[in-house]
Amino acid sequence: MAWISGGFVVLLCMVAVLAPLLLSPDAPFQISNSVLLAPSAGHWFGTDDLGRDVLLQVIWGTRISLIVGIVSALAAGIIGLVVGAISGYCGGLADAMIMRTTEIFQVMPIFVLAALIVAMAGAGETRIIAVIAGLSWPQTARVVRSEVLRIKGLGYAEAARCLGISEFRILVFEIIPNAVGPVIAVSTLTAAFAILLEAALSFFGLTSSDTISWGSTLSTGQRLLYTAWWLSVFPGTLIFLTALAFNMFGDCVREALDPRSE
Amino acid sequence: MRRLLLTRLLWAIPVVAVVVIVNFLLTRLVPGDPLVAIVGEYPVTPEYLAEIRHNLQLDQPLAIQLVSYLWAVMRGDLGFSFVNQQTVLSLVLQRAQASLLLLGPALLLATIVGLLFARISIARRGSGRVLLSAIVLFGFSVPVFWLGQMLIVLFAVKLHWLPAQGMASMRGVHGALATGWDFFLHWIMPGFTVGVFHVAVIARVAQASLRDAMSQDFVITARAKGISERAIFWRHILPNALLPVITVIGYNFGAALTGTIMVESVFAWPGLGTLLLNSITNRDYPVVQGIFLLSGSIIVLVNIATDLIYGFIDPRIRSGYSGGR
């Protein structure tokens with residue numbers, strides 16, 4: 001399972017990297033007279049209402065979805081790691097404050113808030129990444145905190161303390177490296193969540209109209225649901241498969257780390 | 001019990017406060033001077049600009065503006081939607097009913113189906129585990145708005161079995177029974193789409209809690225007393241296994257509402273989601289803010305209700321007794 005899901009993500013990354021090398025940047029935007037053609041040998045995934053090739057759009061959209069997914073998961077992972085480590089290691093008031101904050105995030109309707117922010121502040125990939133990362137770090141922070149609390153009491157942390165190593169060094173060199181496993185598991189789940197959230201935002205027409213992503217093609221598909229099913233089927237399947245791959249990979253990492261699962 | 005209620009209410013205050021303050025601060029995010037939005041390109045005198053600025057309290061410090069915003073929210077004044085020619089409060093409350101009409105039955109059914117899947121997965125050990133993880137992965141990975149589209153393409157556009165959009169037929173139907181049936185037909189596809197995520201969430205938790213309850217001593221005692229397996233399951237295992245399920249439903253209510261909002265826009269269900277989509281398109285921001293405020297408040301209320309139900313069902317929590325196992 002890990003190989004299939006990991007392999008699929010690697011394949012997508014290759015598509016995302018190779019697309020701008022093999023295609024001219026205008027190709028997915030190229031409008032033509034062949035409007036709303038069903039899938040055929042010439043256009044494998046059909047064409048949209050402006051005569052643009054859906055296959056090219058889907059290939060091009062891979063870039064946005066993957067960049068948003070991976071970068072926001074990375075950013076959320078780093079923020080969560082730092083905040084969670086502080087919370088778990090310092091304890092006391094800082095810990096209580098941080099945990100109450102993450103609780104607030106857990107009950108917020110994240111999508112509505114993200115939609116509100118993007119609608120008001122304006123679209124743009126960087127902004128969307130910032131919003132997704134800014135709203136999804138608490139999950140990681142909670143995981144890191146509980147890991148830090150667990151490891152803090154273990155023998156080797158005690159041993160390091162006896163050797164007179166400073167608390168900060170123990171945290172950075174002993175505890176955090178050992179807490180990284182669960183962070184990776186959570187981060188892959190965050191990536192799946194981010195991809196779905198980005199798709200939802202562009203589906204709601206919240207991304208700028210000059211970028212092509214899977215969600216924006218789906219949004220066109222919603223308008224033309226009765227006439228052009230291919231606009232919805234192909235990009236949606238890819239969103240689904242990508243989120244599935246990240247979720248599966250995350251589950252595999254978690255199971256590999258959990259000794260009880262054997 | 002009273003102490004539990006009190007602590008939960010105290011917890012709710014900062015959450016709602018954060019939602020309101022975020023809402024207020026977001027209005028400052030909109031690029032450009034709000035006055036430009038009001039007067040547009042029209043050349044006006046500086047005195048007139050100053051007058052509007054004063055009337056709208058825009059010349060006051062941010063803190064004062066925040067206080068008067070809080071005051072307005074407390075009075076239920078969320079602004080006016082010019083697009084819908086209605087106050088935002090009455091608009092979102094009205095639409096929230098339709099959303100809950102979609103979500104409520106979906107959650108109930110998802111609970112039953114999720115429990116059923118959990119039961120099956122325990123009964124068939126090996127293949128059951130595969131089935132469960134397939135359901136969970138599907139529920140967590142499928143973009144609900146896309147799933148909705150696929151159902152429409154298949155069952156409405158190709159097969160003509162079900163109505164594609166809306167909550168009721170355009171023509172209108174007569175009689176209570178016909179109206180109910182008409183609603184049900186419109187509900188099937190969006191209801192299923194909303195429910196998929198919850199079947200996944202509930203099945204996963206229910207599997208763990210059912211298995212946990214099955215291995216408890218009281219089950220052995222009941223079996224030793226000669227009670228039938230069926231009665232053991234319904235009277236002893238299920239009630240004990242339901243607690244975590246109720247909790248997970250309550251705590252995931254935010255995700256539930258969000259999912260409903262996404263699904264509605266696909267099916268043109270006249271609830272909060274369709275309103276959100278239209279308001280974003282029309283740049284009707286007070287409505288978008290109203291939806292955020294209302295959904296945030298609903299979620300907080302549901303979370304409190306969950307804790308109370310939990311305390312009501314489980315006496316250990318009510319009395320603050322946490323020892324035992």
Side-chain angles (χ1 to χ4, degrees), chain A residues 1 5 100-101 103-122 189 192-193 195-201 203-206 214-215 218-219 221-222 225-233 235-248 250-251 255, chain B residues 11-12 14-15 17-19 22-23 26-31 133 136-138 140-150 152-154 156-158 164-165 251 253-255 257-259 261-262 265-266 272-273 276-277 279-281 283 285 288-289 291-292 294-296 298-300 302-303:
Chain A
M1 289 305 232
S5 52
R100 291 300 87 74
T101 313
E103 272 174 23
I104 292 176
F105 272 92
Q106 283 187 322
V107 298
M108 286 244 198
I110 300 285
F111 171 70
V112 182
L113 182 56
L116 190 58
I117 297 174
V118 177
M120 288 192 152
L189 302 184
F193 176 74
I195 287 168
L196 290 176
L197 193 57
E198 190 276 333
L201 288 174
F203 178 72
F204 270 64
L206 281 166
W214 294 338
L218 266 189
S219 178
Q222 173 68 19
L225 210 48
Y226 290 86
T227 42
W229 52 267
W230 53 92
L231 282 175
S232 306
V233 171
T237 310
L238 270 158
I239 301 173
F240 173 50
L241 290 179
T242 311
L244 191 68
F246 274 105
N247 276 332
M248 268 167 73
D251 277 356
E255 262 180 41
Chain B
W11 168 85
V15 180
V18 166
V19 170
V22 165
N23 235 343
L26 279 173
T27 45
R28 314 289 121 169
L29 267 180
V30 181
S133 52
V136 170
L137 275 174
F138 181 80
F140 276 92
S141 308
V142 71
V144 282
F145 42 94
W146 173 71
L147 182 64
Q149 288 188 334
M150 292 302 97
I152 292 180
V153 168
L154 185 62
V157 178
K158 298 282 176 215
Q165 292 188 319
Y251 289 166
F253 197 78
L257 207 59
T258 309
I261 281 170
M262 289 186 202
S265 61
V266 177
L272 289 175
L276 180 74
L277 182 66
S279 304
I280 289 171
T281 320
R283 299 185 181 282
Y285 295 138
V288 182
Q289 287 180 302
I291 293 172
F292 175 58
L294 182 76
S295 44
I298 293 179
I299 292 165
V300 170
V302 169
N303 271 280

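Per chain, numbering begins at 1; letters A, B, ... match sequence-line order. Just so you know, these numbers come straight off a predicted model, no measurement behind them.
In plain terms, the two heavy atoms of B/W146 and A/V233 that are nearest each other are NE1-O, 3.7 Å.
In this structure, chain B has no heavy atom under 4.5 Å from any part of A/T242. Looking at B/M262, both its backbone and its side chain come within 4.5 Å of chain A, counting heavy atoms on both sides. With a threshold of 4.5 angstrom between heavy atoms, B/I261 approaches chain A through its backbone and through its side chain. At a 4.5 Å heavy-atom cutoff, the contact between A/L206 and chain B is made by side-chain atoms alone. Using a 4.5 Å cut-off between heavy atoms, A/A199 touches chain B through backbone and side chain atoms alike.
Here the straight-line distance linking atom CG of A/L116 with atom CD1 of B/I291 works out to 9.5 Å at 0.5 Å rounding. Rounding to the nearest 0.5 angstrom, the gap separating the CG atom in B/L277 from the CZ atom in A/F203 is 7.5 Å. In this structure, the separation between CG on A/L241 and OG on B/S141 is 9.5 Å, given to the nearest 0.5 Å. In this structure, CD1 on A/I110 lies 8.0 Å from OG1 on B/T258, to the nearest 0.5 angstrom. How far CG of A/L218 is from CZ of B/F145: 6.0 Å, rounded to the nearest 0.5 Å. B/L137 contributes atom CG, which lies 14.0 Å from atom CZ of A/F246 (distance to the nearest 0.5 angstrom).
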Let's go through B/F140 and A/L189 carefully: what are the C-alpha distance in whole Å and the side-chain angles of both, what is the deciding distance for side chain to side chain contact (heavy atoms under 4.5 Å, CB included) to 0.1 Å, and is it a yes or a no? CA-CA 10 Å; B/F140 276 92; A/L189 302 184; over 6 Å; no
Yes or no on side chain to side chain contact (heavy atoms under 4.5 Å, CB included) for A/W229 and B/L154, after CA distance, side-chain angles and deciding distance? CA-CA 9 Å; A/W229 52 267; B/L154 185 62; over 6 Å; no
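Counting heavy-atom pairs closer than 4.5 Å to chain B, the top-ranked of the candidates A/L113, A/V112, A/I239, A/V118 is A/L113. Chain A forms more heavy-atom pairs under 4.5 Å with one residue of B/N23, B/V142, B/V19, B/V136 than with any other, namely B/V142. Contact count against chain A (heavy-atom pairs under 4.5 Å) is highest for B/S265 among B/S279, B/G254, B/S265. Contacts with chain B were tallied for A/A245, A/A243, A/S232; A/S232 has the most, counting heavy-atom pairs under 4.5 Å. Ranked by heavy-atom pairs under 4.5 Å with chain B, the first of A/F111, A/F204, A/F193 is A/F204. Among B/V157, B/L272, B/L147, B/V144, the residue with the largest count of heavy-atom pairs under 4.5 Å with chain A is B/V157.
Side-chain N or O atoms of B/Q149 include none that pairs as donor or acceptor with a backbone N or O of A/G236 at under 3.5 Å.
Annotation: salt bridge (charged side-chain N to carboxylate O under 4.0 Å, His left out) contacts involving residues 109-122 of chain A, sequence neighbours excluded, are absent.
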